[in-house]
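Worksheet: the structure to be examined is printed underneath.
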Amino acid sequence: MSIPLNSEQVLDREYLEIRGKILELAASLDRLERAAGCVNEDNRMNLISQGLQILLQETDQTKAAQIQMLFSRVYDDTWREQFEL
Amino acid sequence: MYYFDPHIHMVSRTTDDYETLAKMGCVGMSEPAFWAGFDRGSVDSFRDYFRQLTDFEPKRAAQYGIQHYTWLCINAKEAENVELSREVIKMIPEFLDKPNVLGIGEIGLNKNTKNESTIFLEHMELAIQYNQQILIHTPHLEDKYQGTRMILDMLTGDSRIDPARVLVDHVEEHTAREVLDRGFWAGMTLYPVTKCTPQRAADIIEMCGAERLLVNSAGDWGPSKPTAVPDLILEMRRRGHSEALIRKVVYDNPIEFFSQSQNFSFQHPE
Ligand SMILES: [Zn+2]
């Protein structure tokens, strides 16, 4: 099943929303810079920058699923042995 | 349009919410047992909670023409206390014959620990022993993917579990397909802030199809919107989806899933 709207209709509907979200993100990053201290070594900053890169990459996976996986803990299929369950 | 909210915590909501939901077309709901926001101290505290779920809430709902069903368990957060969990699991059968009980839930994982997994497996055993359906809570945020995979491992690792009788809730973009591909039902939870929005839920329906997919508000005591399901209905209409497709997700699917429970005696509104 696909979305009944065509891409132009989606863009018409969401352009201002996307613009607003990018602006929110920009302001958040500015706020981080204005605040005292430095969080460059914090791994969350690394995740944020990887997340931003995903938005511009072209792959066959959806961007939303890739972002979800980026912010997910790793699954290890030997967990049951580790827990002795 | 009539709809069914398959996952909503009405014990945390006011009677005014029942009225609003009824006005928006809600005619049925199922309420899984969950965390109260604080850890309860004894098995009797859970006994009282189960009385509330099986006796008081259905009456409150009925005043607004809403048919109320429920699921019983000790939630994943309190499952960290293995001793208390075992006492609760032992007590649950006292309530399984109550007319609005659909099964065991919402069991699941929270931080994906050994204790949580142990109690998950013991709840599974209880469901099998009493031939109950299961409703599952998957963890939030960074724990969701790992926890969902662990839960699927436990379920598929036991041949006595029929995936068609299990609903895995709070699926998102990275977990929905795997849950559905393995034959389970999947529920999307519409939270206003950090989790799945009506727009993203509509995207997931478009990408995965509407087969075995449900949508719920999970309205509870935290920031949440009990009327989130009508938000999805509106979003799908605005995109031009058919009424039949929307109805399948918000009404036909939950009823089809719950109909596998012997206590489900839902009456369609005239
Ligand atoms: Zn819940």
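In what follows, every chain begins at residue 1, and chains take the letters A, B, ... in the order their sequences are listed.
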N-O pairing of Asp153(B) and Arg80(A) below 4.0 Å: no
Any residue of residues 122-139 of chain B which, by heavy atoms, sits under 4.5 Å from chain A: none
Which residues in residues 231-242 of chain B have any heavy atom closer than 4.5 Å to a heavy atom of chain A? Glu235(B), Arg238(B), Arg239(B), Gly240(B), His241(B)
What residue, out of Gln9(A), Gln66(A), Gln82(A), Arg13(A), has the most heavy-atom pairs lying under 4.5 Å from chain B? Arg13(A)
Part of Thr62(A) within contact of chain B (heavy atom distance under 4.5 Å): side chain
Contact class of Thr118(B) relative to chain A, heavy atoms under 4.5 angstrom: both
Between Val10(A) and chain B, with a heavy-atom cut-off of 4.5 Å, which part of the residue counts as in contact: side chain, backbone, both or neither? neither
Answer yes or no: is there an ion pair linking Arg40(B) with Glu78(B), defined by an N-O contact shorter than 4.0 Å? yes
Pairwise side-chain contact, Val179(B) with Leu152(B), heavy-atom cut-off 4.5 Å (strictly under): yes
Which portion of Asn112(B) sits near chain A, non-hydrogen atoms under 4.5 angstrom: both
Do the non-hydrogen side-chain atoms of His7(B) and His9(B) ever get within less than 4.5 Å of each other? yes
Between Trp185(B) and Leu214(B), does the side chain to side chain contact (heavy atoms under 4.5 Å, CB included) criterion hold? Intermediate values first, please. CA-CA 8 Å; Trp185(B) 291 70; Leu214(B) 274 56; 3.5 Å; yes
Any Lys/Arg nitrogen of Glu211(B) or Lys248(B) sitting under 4.0 Å from an Asp/Glu carboxylate oxygen of the other? yes
Out of Met154(B), Lys114(B), Glu173(B), Arg177(B), which one racks up the most heavy-atom pairs below 4.5 Å with chain A? Lys114(B)
List the steps and the verdict of side chain to side chain contact (heavy atoms under 4.5 Å, CB included) for Asp158(B) and Ile161(B). CA-CA 6 Å; Asp158(B) 192 323; Ile161(B) 292 284; 4.1 Å; yes
Could you check Phe184(B) against Leu180(B) for side chain to side chain contact (heavy atoms under 4.5 Å, CB included), going step by step and ending with a plain yes or no? CA-CA 5 Å; Phe184(B) 298 97; Leu180(B) 292 168; over 6 Å; no
Atom pair CG (Asn81(B)) and CZ (Arg86(B)), whose distance is rounded to the nearest 0.5 Å: 10.5 Å
Under 4.5 Å heavy-atom distance to chain B, tell me which part of Leu85(A) shows up: side chain, backbone, both or neither. side chain
When heavy-atom pairs shorter than 4.5 Å are enumerated against chain B, which of Leu5(A), Leu70(A), Ile67(A) gives the highest number? Leu5(A)
How far apart are the closest heavy atoms of Tyr145(B) and Ser72(A), and which atoms are they? CB-OG, 3.6 Å
I want to check something: taking the side chain as every heavy atom from C-beta on, are Trp79(A) and Ser117(B) in contact at a cut-off of under 4.5 Å? yes
Output for pair (Trp71(B) CH2, Leu167(B) CG), nearest 0.5 Å, gives 6.5 Å
For a side chain to side chain contact (heavy atoms under 4.5 Å, CB included) check, start with the C-alpha distance between Leu155(B) and Val166(B), then their side-chain angles and the critical distance, and finish with the verdict. CA-CA 9 Å; Leu155(B) 291 166; Val166(B) 179; 4.1 Å; yes
So which residue, Gln61(A), Gln68(A), Met69(A), Glu84(A), ends up with the most heavy-atom pairs under 4.5 Å with chain B? Gln68(A)
Residue pair Gly105(B) / Pro32(B): nearest heavy atoms and the distance that separates them: C-CB, 4.0 Å
One option among Leu121(B), Asp203(B), Thr148(B) has the most heavy-atom pairs under 4.5 Å with chain A, and it is Leu121(B)
